[in-house]
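Reviewing the structure listed below.
Throughout, protein chains are lettered first and strands after them, A, B, ... in sequence-line order, and every chain is numbered starting at 1.
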Amino acid sequence: MKVDMRVNIAGVTFKNPVITASGCYGFGGDYTDFYPLSRLGGVCLKGTTLEPRQGNPPPRIAETPMGMLNSVGLQNPGGHAFVTEELPRLTGCGTVLIANAAGSSIESYVGLVELLEGTAIDMIELNISCPNVKEGGMAFGATCEGAARVVRAVRGRTTKPLMVKLSPNVTDIVSIAKACEAEGADAISLINTLLGMRIDIKTRRPVLNQVMGGLSGPAVFPVALRMVWQVAGAVSVPVVGLGGIEKWQDAVEMMMAGAAAVQVGTASFYDVYAPVRIIEGMEAYLEREGFGAASQLTGIARK
Amino acid sequence: MKVDMRVNIAGVTFKNPVITASGCYGFGGDYTDFYPLSRLGGVCLKGTTLEPRQGNPPPRIAETPMGMLNSVGLQNPGGHAFVTEELPRLTGCGTVLIANAAGSSIESYVGLVELLEGTAIDMIELNISCPNVKEGGMAFGATCEGAARVVRAVRGRTTKPLMVKLSPNVTDIVSIAKACEAEGADAISLINTLLGMRIDIKTRRPVLNQVMGGLSGPAVFPVALRMVWQVAGAVSVPVVGLGGIEKWQDAVEMMMAGAAAVQVGTASFYDVYAPVRIIEGMEAYLEREGFGAASQLTGIARK
Amino acid sequence: MLQKAYPLIGRTLIAPHTHSFSIDCPDMAALARPGQFVHVRLPGFLLRRPISVCQITQDGLRIVVEERGAGTEEMARLGSGDLIDLLGPLGNGFLTEAPHRRAVLVGGGIGTPPLLPLAEHYHKAEVFLGFRSADRAILTEDFEAAGATVTLATEDGSAGHHGYVTEPLEQHLARHGADVLYACGPEPMLKAVQALAAKYHVTAYLSLEARMACGVGACLGCAVPILTAEGVVYRHVCKDGPVFPAEEVVL
Amino acid sequence: MLQKAYPLIGRTLIAPHTHSFSIDCPDMAALARPGQFVHVRLPGFLLRRPISVCQITQDGLRIVVEERGAGTEEMARLGSGDLIDLLGPLGNGFLTEAPHRRAVLVGGGIGTPPLLPLAEHYHKAEVFLGFRSADRAILTEDFEAAGATVTLATEDGSAGHHGYVTEPLEQHLARHGADVLYACGPEPMLKAVQALAAKYHVTAYLSLEARMACGVGACLGCAVPILTAEGVVYRHVCKDGPVFPAEEVVL
Ligand SMILES: Cc1cc2nc3c(=O)[nH]c(=O)nc-3n(C[C@H](O)[C@H](O)[C@H](O)COP(=O)(O)OP(=O)(O)OC[C@H]3O[C@@H](n4cnc5c(N)ncnc54)[C@H](O)[C@@H]3O)c2cc1C
Ligand SMILES: Cc1cc2nc3c(=O)[nH]c(=O)nc-3n(C[C@H](O)[C@H](O)[C@H](O)COP(=O)(O)OP(=O)(O)OC[C@H]3O[C@@H](n4cnc5c(N)ncnc54)[C@H](O)[C@@H]3O)c2cc1C
Ligand SMILES: Cc1cc2nc3c(=O)[nH]c(=O)nc-3n(C[C@H](O)[C@H](O)[C@H](O)COP(=O)(O)O)c2cc1C
Ligand SMILES: Cc1cc2nc3c(=O)[nH]c(=O)nc-3n(C[C@H](O)[C@H](O)[C@H](O)COP(=O)(O)O)c2cc1C
Ligand code: FES
Ligand code: FES
């Protein structure tokens with residue numbers, strides 16, 4: 001019997017539980033030399049804001065043990081260009097399209113999600129957790145009140161399924177997740193990057209122009225898994241787990257902790273095939289272990 | 001010219017800036033086959049509580065990418081045995097002795113530091129950041145009020161220099177550091193472990209008996225460095241930096257970020273000589289680069 | 001205790017996914033005792049892997065490793081001439097009695113290797129080895145070469161006794177008794193051996209496993225519950241063990 | 001674009017800490033153009049390292065790597081027969097003109113390798129190479145073999161012109177001009193070349209470096225400020241570059 005790889009999140013069916021993470025996959029066109037987008041469960045597109053943003057000055061990248069820092073700073077062409085230029089290229093690509101919506105004020109979040117109404121976007125991932133922007137971003141995601149305010153404002157203005165992406169740089173991730181759920185979030189995704197830093201001992205200066213940046217990659221996996229475990233135990237909406245997933249085993253671990261699906265980010269930077277290998281490895285594992293459906297993995301370590 | 005490796009923290013002179021981290025060096029006796037304690041700047045002894053604690057049930061250890069989780073749970077023989085059995089073995093060992101004082105209530109912290117008065121202990125590291133105990137520990141370190149309460153209570157009862165060790169599992173490390181400074185902390189050390197988790201996909205259960213544990217090792221280095229940078233920029237007492245330091249380059253980075261000294265924990269588990277290699281590497285570097293004293297490194301990346 | 005990178009002088013596959021390594025480390029071998037272990041650092045892994053000493057010679061050590069996860073799989077990629085970073089010898093090893101005493105050794109699967117040095121110590125050890133199947137059996141000839149009598153058991157009956165090794169063990173104890181018994185293997189086997197040792201009043205030692213970080217007693221990671229006069233307390237496999245008196249082990 | 005592990009067929013030390021690698025990768029070579037780069041994955045490092053294509057043959061690629069940090073040091077430990085994991089060819093490479101046009105190539109230090117395929121394209125390229133000292137000079141014979149005229153400069157005067165390479169370059173441009181100029185090297189050199197190209201009205205292209213993650217345009221990590229009609233915007237070295245028209249580069 002073939003394993004049923006499909007998962008359903010907030011009414012949207014994904015053909016498999018592997019989604020590429022926002023900011024790590026551009027607007028979907030950069031990896032099509034290697035495999036078609038239709039292979040993926042879904043694609044979270046690059047973080048987009050209402051107005052265009054040119055992002056932070058370089059250097060934007062630093063390496064860390066089994067991780068990396070980035071301070072891209074939400075460079076993007078703005079909501080209008082996103083809808084008129086980027087989205088049309090993706091029509092018929094055969095995968096679930098998720099817009100990653102960021103903002104520096106409540107109004108800008110609202111303006112953006114309104115722009116997305118009526119587009120081909122299947123789901124909105126509300127990014128209240130970007131550590132690389134001065135205003136908004138993580139500031140909203142750092143408190144229950146901040147998170148609740150954004151979700152409430154946006155919830156009223158979109159008919160699309162709404163997934164809220166949380167920051168790990170907080171004392172109490174569970175309360176924030178619950179606050180988002182209470183305001184009508186249809187799903188929670190976590191984690192965004194941990195705030196980190198490197199210094200170049202040759203130049204005696206921070207490596208990143210912005211001094212601090214977001215840590216991602218395998219190094220953060222145990223933190224991500226812990227937070228997914230905590231949040232999945234506290235909310236009843238689906239949780240999408242990410243942070244450091246590079247192998248199918250990591251994806252299985254994440255789902256066993258309670259995730260309904262996973263996202264893969266940094267791993268694609270060093271292995272372009274990572275998302276596909278994870279899908280294939282998970283499918284083989286499920287078959288070997290006699291699971292009928294991928295969704296049966298979700299939370300089995302909690303039982 | 002020989003480099004002056006000494007650093008002074010809260011009136012205590014360390015012969016070099018490398019201290020072994022609490023919980024990673026037992027009570028100082030386990031590595032003496034490899035090099036004498038006198039080679040070290042200082043030793044932070046295993047976390048000690050007023051009453052003996054048997055620690056958490058096993059498994060207590062899990063591996064992660066470039067990191068590890070532990071859930072030892074402050075296993076220790078209690079303050080009395082610490083003073084009467086462990087400390088006497090260390091007299092004349094030729095390094096700075098730092099007791100790592102933990103507690104589950106204000107009273108237990110106070111009782112312990114009172115026991116330490118008049119002993120050979122040179123400094124107290126107040127552990128308000130252990131993620132592996134149900135009561136006290138990280139709970140105190142998670143809020144400014146909690147941290148301030150412990151520091152205030154303890155400060156009045158000890159004449160020893162008081163270093164407060166902070167948890168990284170918080171939204172705002174700077175406010176907590178400032179709260180500790182305001183209550184009379186003589187130094188701040190950070191970071192303790194990040195809360196993390198692993199699942200064994202074979203057994204489909206969390207690896208650790210306690211489900212979650214503390215993440216340490218190189219994986220956490222960029223987070224530690226960022227927090228040291230933030231705190232050193234906000235307090236005027238010395239900051240001791242730790243978290244993932246394994247090479248002299250890491251120690252130099254940490255000091256450039258603002259640390260007056262560093263601690264080395266997990267690295268000793270895979271290279272028993274790590275602390276010594278760091279001391280030697282740092283000394284050679286300082287000489288090569290024409291520094292007169294190790295203390296000149298502190299904060300130079302901030303200038 | 002030493003920490004050094006030593007040259008590997010040979011690797012042999014002795015059963016599926018099970019490799020015997022000879023390591024050129026005379027200085028570490030000179031310190032090693034039966035029942036101790038070495039802590040192996042592998043490229044790409046933070047934590048060392050504990051592996052028992054299987055043979056001690058003038059020239060070095062032999063270890064036998066079964067691939068059970070990513071670390072031991074990495075170890076299996078090492079070959080002759082490669083360097084292997086060891087910390088050791090660690091642990092207390094087995095308490096041995098006079099060589100003429102009647103010793104019984106009980107090994108299950110990859111728990112077998114640490115018993116071999118005991119067979120070399122005791123003149124005529126009675127050795128009971130259990131494996132999943134005949135092709136998984138390891139070291140039987142080495143035990144025989146050391147003068148021991150080997151009784152084999154396999155779960156699938158493909159060699160020796162069909163069933164668990166504790167079955168022929170019990171027959172032996174019932175008939176001949178023993179002065180001292182040593183066991184290493186999976187937990188269910190140790191549990192059964194513990195019960196038999198009690199039943200037949202044999203002094204027995206069990207070698208335990210635990211997830212380790214430091215290997216030297218510094219981290220308190222490798223805790224196992226041990227019954228003492230003050231009740232059950234945690235002892236540490238790396239420093240207090242890996243061998244504990246059977247009656248003190250809480251399984 | 002391909003991602004694959006290819007066999008290394010040789011490594012030669014061509015200057016202190018500078019290695020030339022030949023890689024058996026005909027399929028990737030068939031796609032490669034001058035000025036493109038490959039992104040190299042190294043065991044123990046998360047991020048790939050971008051390295052320019054230095055020679056393109058039917059059988060594969062040649063790259064030249066200077067040890068500048070932990071990753072390039074790790075690369076220097078690779079030897080014949082080892083596999084090397086490449087993603088490539090990446091980037092846009094150099095815009096080339098007809099082979100008979102008068103091309104000037106300016107390389108500084110480890111910026112030299114990407115220029116060699118240009119020397120093979122242009123019939124009689126004028127090549128200006130600057131190094132710290134004579135022993136650091138690389139590829140001069142390869143350029144000459146490609147039919148180019150090489151002018152060498154060293155900072156310590158141990159070979160060729162004593163001083164910066166931009167000094168003989170300026171003399172040449174003043175005297176002979178050029179149709180097109182390509183430069184790769186350290187930032188101060190690029191800055192000087194940019195100024196000379198403007199002064200002598202030569203179409204010029206600069207190859208830039210930036211810290212990279214993905215190498216394919218997906219992460220927006222490798223930003224460099226570029227002057228466009230709408231002002232200064234960030235472009236990406238991996239996808240829009242590494243080569244940019246000199247007048248658009250903001251240094
Ligand atoms: C004292 C002692 C002696 C041992 N002697 C031998 C021997 O002679 N031959 C042999 O093949 N094996 C022996 N083992 C078991 C061996 O240490 C594990 O099989 C090995 O650590 C697994 O590592 P891995 O990376 O392949 O597995 P993974 O499951 O990927 O390892 C993940 C983590 O768990 C730890 N771990 C997993 N299983 C065990 C285990 N059973 N015991 C301790 N830690 C574990 C690993 O060390 C690592 O830290 C011994 C264990 C101990 C404690
Ligand atoms: C398009 C391009 C082509 C290049 N071609 C060559 C070449 O042909 N030969 C050669 O020797 N070098 C070349 N370089 C430079 C080479 O990529 C760096 O020297 C190398 O990445 C340093 O890695 P490391 O681990 O040794 O140094 P570390 O300083 O330890 O590296 C730390 C991190 O910074 C990055 N980094 C450090 N220096 C640079 C740099 N100058 N450019 C980009 N990233 C850097 C590394 O990739 C890594 O992510 C090129 C760079 C670019 C962008
Ligand atoms: C270069 C880079 C850019 C990112 N940009 C975004 C973004 O625009 N929006 C967002 O929500 N997350 C962004 N992230 C965070 C990732 O989506 C993801 O949450 C994080 O990297 C952890 O997952 P990983 O370890 O699999 O990469 C970015 C991460 C990286 C590395
Ligand atoms: C096994 C283990 C036990 C620890 N026990 C203590 C402790 O008792 N008290 C304490 O303050 N920190 C304890 N820590 C935290 C370390 O002192 C240190 O803060 C942390 O490990 C980060 O540093 P590292 O990455 O260099 O190990 C422990 C860490 C480990 C790995
Ligand atoms: S492994 Fe550290 S105490 Fe045993
Ligand atoms: S390196 Fe990712 S966009 Fe250039």
Exercise for review: Against chain B, work out which of A:Met212, A:Met66, A:Glu253 has the most heavy-atom pairs shorter than 4.5 Å and name it.
Suggested key: A:Glu253
Review point. Which bit of A:Val228 is near chain B, if near means a heavy-atom gap under 4.5 Å: side chain, backbone, both or neither?
Key: neither
Practice item. Counting only heavy atoms closer than 4.5 Å, note whether B:Val220 contacts chain A via side chain, backbone, both or neither. Key: neither
Exercise for review: Check A:Leu69 against B:Pro222 and note the closest heavy-atom contact, atom names and distance.
Suggested key: CD2-CB, 4.3 Å
**Study point:** Leading residue by heavy atom contact count with chain A [cutoff under 4.5 Å; candidates B:Arg205, B:Lys303, B:Met227, B:Arg198]
**Key:** B:Arg198
Review point. If you take all heavy atoms of B:Val170 and A:Thr171, which pair is closest and at what distance?
Key: CA-OG1, 3.2 Å
Practice item. Against chain B, label A:Leu195 side chain, backbone, both or neither, depending on which of its atoms sit under 4.5 Å from a heavy atom there. Key: both
Review point. Which heavy atom in A:Pro206 sits nearest to a heavy atom in B:Ala301, and how many Å separate them?
Key: CD-O, 3.9 Å
Practice item. Flag the one option from B:Leu194, B:Val252, B:Val223, B:Leu297 with the top tally of heavy-atom pairs under 4.5 Å to chain A. Key: B:Val223
Practice item. Over all heavy atoms of both residues, which pair between B:Ile201 and A:Met256 is shortest? Give the atoms and the distance, please. Key: O-CE, 3.7 Å
Exercise for review: Below 4.5 Å from any heavy atom of chain B, which atoms of A:Glu246 appear? Answer side chain, backbone, both or neither.
Suggested key: neither
**Study point:** B:Arg226 vs A:Asn169, side chain to side chain contact (heavy atoms under 4.5 Å, CB included): CA-CA, chis, key distance, verdict
**Key:** CA-CA 12 Å; B:Arg226 180 265 294 185; A:Asn169 301 293; 3.7 Å; yes
**Study point:** Distance-minimising heavy-atom pair for A:Ile199 and B:Leu225
**Key:** N-CD2, 3.7 Å
Check your understanding: In terms of heavy-atom proximity below 4.5 Å to chain A, should B:Ile300 be classed as side chain, backbone, both, or neither?
Key -> both
